[in-house]
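Everything below concerns the one structure shown next.
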2 protein chains.
Amino acid sequence: MHDSLTIGELSARSGVAPSALRYYERLGLVRADRTGGNQRRYARSELRRVAFIRIAQQVGVSLDEIRAALESLPASRTPTAADWARLSASWRGRLDERIRLLTKLRDDLTGCIGCGCLSLQRCTLYNPKDSLAAEGAGARLMQPRPAEDGVTPS
Amino acid sequence: MHDSLTIGELSARSGVAPSALRYYERLGLVRADRTGGNQRRYARSELRRVAFIRIAQQVGVSLDEIRAALESLPASRTPTAADWARLSASWRGRLDERIRLLTKLRDDLTGCIGCGCLSLQRCTLYNPKDSLAAEGAGARLMQPRPAEDGVTPS
DNA sequence: GTGTGAGTTGAAGTGCGCTTCAACTCAAGG
DNA sequence: CCTTGAGTTGAAGCGCACTTCAACTCACAC
């Protein structure tokens, strides 16, 4: 039929709201040609780009980092399967790390908080470094405090 | 010495900024007595409360849910080890679920995106239900779209 | 008594990832 | 040609979890 998609079609097929697609375009994550009347027309390959963006978000990557990753794709040709595989592989380590941290947290939760001691220093539970907290939270301008004194409640 | 803590002391021992502690108080997550001159004085048991809050955040729980959980603690007496254990256990399932989803995502990433197909419908990767995306992100007033049409790029 | 660092408040700002709105134009079917 | 749904823009708003600021007061060591 048509080899390009309107914003509504891309939205329906990707499950991403039109407003989000426009937002992605402003950030340089996707691109669209324009009709004579200034409407967006997306190449079908943008569908895969959008899919990649949403998956990367699930992995916990910020839009800015996703943009940087997408910039490493070849600009001259449509990305191949191998190109996408390479990019996906780069999130893989991150995902592994997140899983590792969460698993550790779970084990500590069982062994340490489970016992009620909540001794956050001995248990590595409450370790400010290598934390996985605060994904997509707010302003974090203060430098992270070192918890200099250690925590041993009650 | 003293059996109550100033905000600076609680901050140093918990690793949480004073501004955050005041914010927690506004939300009803911690409480403090006041001196004659209106300064906060925290009971030592608040230290454990703050620790619990930070750990729950790592598990991915919002402050509002944390508040609700803390309200289930006995108000009349200082919570016991068993009280904390019960609360912690309630996060456990959530943590398990997050780990499960992330692990699934990782496996799918290897098997599906890894091959470059990115066929987001067949692969369960891009499944809007049971997503773990968007923790702590922004306004989400639009109801989530069902991706009615299915995604099969290129 | 006095200086100084620590504490107080409310209001406003920040960063992210969007959504919402108003006012307008486009594209396609009848 | 006309209607109507889909698309356009910039500016503003939202929700979360805070931080920052200004203007002020407290507590304590000397």
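A note on names: the letters A, B, ... follow the listed sequences, proteins ahead of strands, and every chain is numbered from 1.
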Check whether any side-chain N or O of Thr35(A) sits under 4.0 Å from OP1 or OP2 of dA27(C), and answer yes or no.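 For dA27(C), OP1 or OP2 has a side-chain N or O of Thr35(A) closer than 4.0 Å.
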Between Gln57(B) and dC16(D), does any side-chain N or O lie under 4.0 Å from OP1 or OP2? no
Going through the checks in order, is the side chain to side chain contact (heavy atoms under 4.5 Å, CB included) test met by Leu105(A) and Leu101(A)? CA-CA 6 Å; Leu105(A) 180 60; Leu101(A) 285 169; over 6 Å; no
Quick one: side-chain hydrogen bond (donor to acceptor under 3.5 Å, both in side chains) partners of Arg94(B), sequence neighbours excluded?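 By the side-chain hydrogen bond (donor to acceptor under 3.5 Å, both in side chains) rule, Arg94(B) matches Glu65(B).
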Arg86(B): side-chain hydrogen bond (donor to acceptor under 3.5 Å, both in side chains) partners, not counting sequence neighbours: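 Testing Arg86(B) for side-chain hydrogen bond (donor to acceptor under 3.5 Å, both in side chains), a comparison that skips the adjacent residues, returns none.
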Can you tell me how far [atom2] of [N] sits from [atom1] of [X], to the nearest Å?
X	N	atom1	atom2	value
Leu5(A)	dA6(D)	CG	P	16 Å
Tyr23(B)	dT19(D)	OH	P	10 Å
Ile53(B)	dC16(D)	CD1	P	16 Å

Applying side chain to side chain contact (heavy atoms under 4.5 Å, CB included), run through Ile53(A) and Leu70(A) and close with a yes or a no. CA-CA 9 Å; Ile53(A) 292 165; Leu70(A) 286 172; 4.0 Å; yes
Can you confirm whether Leu5(A) sits close enough to Arg41(A) that some side-chain heavy atom of one is under 4.5 Å from a side-chain heavy atom of the other? no
How would you list, by chain and number, every residue that makes a salt bridge (charged side-chain N to carboxylate O under 4.0 Å, His left out) with [X], sequence neighbours excluded?
X	answer
Glu25(A)	Arg34(A), Arg40(A)
Arg26(A)	none
Arg67(A)	Asp64(A), Glu71(A)

Helical bend (five base pairs per end, nearest 10°) for the helix from dG1(C)-dC30(D) to dG30(C)-dC1(D): 10°
Quick one, which residues of residues 61-69 of chain A touch DNA chain C with a heavy atom under 4.0 Å?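 Here the set is Ser62(A), Leu63(A).
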Check the interface with nucleotides 6-9 of chain C: list each N/O to N/O pair with the protein under 3.5 Å, or write none.
from	atom 1	to	atom 2	distance (Å)
dG7(C)	OP1	Thr6(B)	OG1	2.9
dG7(C)	OP1	Gly8(B)	N	2.8
dT8(C)	OP1	Arg40(B)	N	2.5
dT8(C)	OP1	Arg40(B)	NH1	3.0
dT8(C)	OP2	Arg22(B)	NE	3.3
dT8(C)	OP2	Arg22(B)	NH2	3.4
dT8(C)	OP2	Arg40(B)	NH1	3.2
dT8(C)	O5'	Arg40(B)	NH1	3.4
dT8(C)	O3'	Arg34(B)	NH1	3.4
dT9(C)	OP1	Arg34(B)	NH1	3.2
dT9(C)	OP1	Arg34(B)	NH2	3.1
dT9(C)	OP2	Arg40(B)	NH1	2.8
dT9(C)	OP2	Arg40(B)	NH2	2.6

Assess whether a salt bridge exists between Asp96(A) and Arg100(A), defined as any Lys/Arg side-chain N lying under 4.0 Å from an Asp/Glu carboxylate O. no
For Val30(A) against Leu21(A), the heavy-atom pair lying closest together: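 Heavy-atom minimum between the residues: CG2-O, 3.9 Å.
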Take Arg106(A) and Trp91(B) through the test side chain to side chain contact (heavy atoms under 4.5 Å, CB included) and record every step on the way to the result. CA-CA 9 Å; Arg106(A) 178 181 64 186; Trp91(B) 298 152; over 6 Å; no
